[in-house]
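Lettering of chains follows the sequences in order, A, B, ..., and the numbering in each one begins at 1.
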2 protein chains.
Amino acid sequence: MSHENIHEDTVQLAHGSGGSMSRDLVSQVFLRAFGNASLNRLDDHALVEAGSNRLAFSTDSYVVDPLFFSGGDIGDLAVNGTVNDLCTGGGRPICLSAGFIVEEGLPIADLKRVASSMSKAAKRAGVPIVTGDTKVVDRGKGDKLFINTSGIAVVEHNFEIHGGNLQPGDKVLISGTIADHGISILALREGLSFETSVQSDTAALNGLVADILEAGGGSVHAMRDPTRGGVGAVLNELAESSGAAIALREECLPIAPPVRGACEILGLDPLYIANEGKMIVSVAADRAEAVLRAMRSHELGDQAAEIGEVTADCPGLVSLLTALGTRRIVDMPVGLQLPRIC
Amino acid sequence: MSHENIHEDTVQLAHGSGGSMSRDLVSQVFLRAFGNASLNRLDDHALVEAGSNRLAFSTDSYVVDPLFFSGGDIGDLAVNGTVNDLCTGGGRPICLSAGFIVEEGLPIADLKRVASSMSKAAKRAGVPIVTGDTKVVDRGKGDKLFINTSGIAVVEHNFEIHGGNLQPGDKVLISGTIADHGISILALREGLSFETSVQSDTAALNGLVADILEAGGGSVHAMRDPTRGGVGAVLNELAESSGAAIALREECLPIAPPVRGACEILGLDPLYIANEGKMIVSVAADRAEAVLRAMRSHELGDQAAEIGEVTADCPGLVSLLTALGTRRIVDMPVGLQLPRIC
């Protein structure tokens, strides 16, 4: 994978896709400027020593368009997304911040509706919003509403759970169906309707992650929520960071029938479509069954499945054994299928 | 001060000014939705218990226009501003996050220049940027670059230092000249030039605050950096939160001559112009001299001055004894003098 493909001298939409162009921009601009051990890991959160505690710290800005969609809105997305990023190291999220950038002219009713969603999502996750900030930009200099949420989790275990920790022999699990969020946004944006409506899967997974850890303990090697770039991009990142290969089995990928149908009609690969309430888990084989059981016992994991395994050959390679019995490479996407999906 | 003056049903630029319209929006939309003890204090940071530690947690989005100005740019503003918010409770900032919302078409050279400023500012403050996020929005849906920084500080003292803690008899100090940042932005935006150029005062004050605490200990009752809305808005907030009055002396306000000149020409009151590297301190009278000495010994406080005192009459009122010997009320500003100043 090339890290030198910033062809253009200006920022492109594809730089925000979560694919290799995003990575290149981050490496060449931000890592080069800020580089430190914590940031260089490129996990969805940083681990920080604060006095006698180990904390996870994470930030995410949300620019989803439209603001309101089937199954959620920018508000619960912003709460759930950051809670999930905080979880991926196994920490217990304790608080969130919320920073609003509002375009002049946004109906206050819309802002109230978003605030109400955030409040409900925060209560459901059990993670309060404790501090905030509001800025207003002139009409035409923003797009209705952007939200940044940042958060803190307390990391109480001593396990190594991070994106560079995949181990050969691990089973790769996912907590449910893939591509729901991206397809729900796309359907709305393009005015498509399907027989069965597709809803965003936006949800906070801190409860599910606590159950996963209780079942798997230190056998849980890595977790990651496959948002921008989808399962395909995230597994490529994990494989690359860990110097391991991942072999997926197509027939095991849980995909809801209307999402599968939409992807076929639109010519989209569900492996690259964003999820907002799913967790990928890499766990030692001997605990995989127990973890899968724990996931399925949780209301947000009842469709959980084992979708592949980690192998030692071809470091960095993600492949898919198709339903036809052939094996194809699941590349890191370069640009994007869908801009402003989160 | 009315809290019911959201006359309009859409968000106005003035809602982002830091004046009473900002406060009303926050109360009516966000506090109503999220309300919890920590947020309700409306300090520039939240105090959070994390395991055995007390943390300060803060967030701020930066939308300053233009991105680059005399004395700084959006990058060092974003680092210094959040470091300063974290400091206002006397905590020791330990890390920052950085979330970028980039408009398609921004020259990558500009992004690199901003990242380099942030890196330098973070090193100068001794507070690393440990986690980040980048989103890209389509051309015309943003304005070059918005940055959110959030941060964590460890609070190691047991003093009560917060905006609601002003005590009658306290002396009110400020760490240096006022209105530099706002005037530097305004001059650039309006193409004004003055005989002596006015530079933004953007600076991280965590070192200065450590010296203030060492000199004043628990006699330091409140600190606040007077950014949007300036000294006038911030003192009104402190007076209102504390149920105390503040009496300022005009002749004691440190104002650099070119800033004073610019304000006179433009008809602006320097009390309402933003600062980005100043701290207001309310300290018990018997430690005021020691704290002032400590401030003046620090390179970022050599112009520090005692500008007034806290009294028990007229709770919530801020007044100014003018150079002519009359006393005028320093109101909470309603809207804004200068949009997108930070």
Side-chain angles (χ1 to χ4, degrees), chain A residues 6 9-13 15-16 22 25-26 29-30 33-34 36 38-39 45-46 48 50-53 55 57-61 63 94-95 97 99 101-102 104-108 111-112 115-116 118-119 128-138 141-143 146 148 150 152 154 339-340, chain B residues 6 9-13 15-16 22 25-26 29-30 33-34 36 38-39 45-46 48 50-53 55 57-61 63 94-95 97 99 101-102 104-108 111-112 115-116 118-119 128-138 141-143 146 148 150 152 154 339-340:
Chain A
I6 301 190
D9 56 1
T10 61
V11 174
Q12 312 293 311
L13 267 180
H15 284 124
S22 298
L25 186 73
V26 168
V29 177
F30 299 120
F34 308 150
N36 54 54
S38 181
L39 194 66
H45 60 267
V48 178
S52 52
N53 287 106
L55 306 176
F57 182 34
S58 185
T59 192
D60 235 330
S61 298
V63 299
I94 57 167
C95 62
S97 64
I101 298 176
V102 187
E104 181 188 15
L106 181 76
I108 288 180
L111 201 56
K112 285 185 173 169
S116 163
M118 293 182 79
S119 169
I129 296 165
V130 296
T131 191
D133 173 58
T134 308
K135 293 292 191 307
V136 182
V137 296
D138 15 341
K141 300 294 186 181
D143 192 13
F146 304 142
N148 176 283
S150 302
I152 303 175
V154 177
R340 296 184 56 190
Chain B
I6 300 190
D9 56 359
T10 61
V11 175
Q12 311 294 311
L13 266 181
H15 284 123
S22 298
L25 186 73
V26 167
V29 178
F30 300 120
F34 308 151
N36 54 54
S38 182
L39 195 65
H45 60 269
V48 178
S52 52
N53 287 105
L55 306 176
F57 182 33
S58 186
T59 192
D60 234 329
S61 298
V63 299
I94 57 167
C95 62
S97 65
I101 299 177
V102 186
E104 182 188 16
L106 180 77
I108 288 182
L111 202 56
K112 286 185 173 170
S116 163
M118 293 182 80
S119 168
I129 296 165
V130 296
T131 191
D133 173 59
T134 308
K135 294 292 190 309
V136 181
V137 296
D138 14 341
K141 300 292 186 182
D143 192 13
F146 303 141
N148 177 284
S150 301
I152 304 176
V154 176
R340 296 182 60 190

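Between the side chain of B:K135 and the main chain of A:S61, a donor-acceptor pair closer than 3.5 Å is present.
Put simply, CG on B:D143 and CG on A:D143 are 13.0 Å apart, with the number rounded to the nearest 0.5 Å.
For a residue to count as touching a neighbouring chain, one of its non-hydrogen atoms must lie under 4.5 Å from one of that chain's; by this rule A:I129 touches chain B with backbone and side chain alike. Both the backbone and the side chain of A:V130 come within contact range of chain B, with heavy atoms under 4.5 Å apart. If you measure heavy-atom distances from B:I94 to chain A, the contacts under 4.5 Å come from the side chain alone. Proximity to chain A (any heavy atom under 4.5 Å) is restricted, for B:N36, to the side chain, taken from C-beta onward.
The closest side-chain heavy-atom distance from B:L13 to A:V136 is below 4.5 Å. Taking the side chain as every heavy atom from C-beta outward, B:K141 and A:V63 never approach each other to under 4.5 Å. Put simply, the side chain of A:D133 does not reach to within 4.5 Å of the side chain of B:N148, judged on heavy atoms. B:L55 is listed as a side-chain neighbour of A:L55, based on a closest heavy-atom distance under 4.5 Å.
Side chains of B:S150 and A:T59: a donor-acceptor N/O pair is absent below 3.5 angstrom, by distance only.
A:V11 pairs in a side-chain contact (heavy atoms from CB on, under 4.5 Å) with only one of the listed residues (B:V137, B:T134, B:L111), which is B:L111.
Using bins of under 30°, 30° to 60° and over 60° for the plane-to-plane angle, the ring pair B:F57/A:F57 lands in the perpendicular bin.
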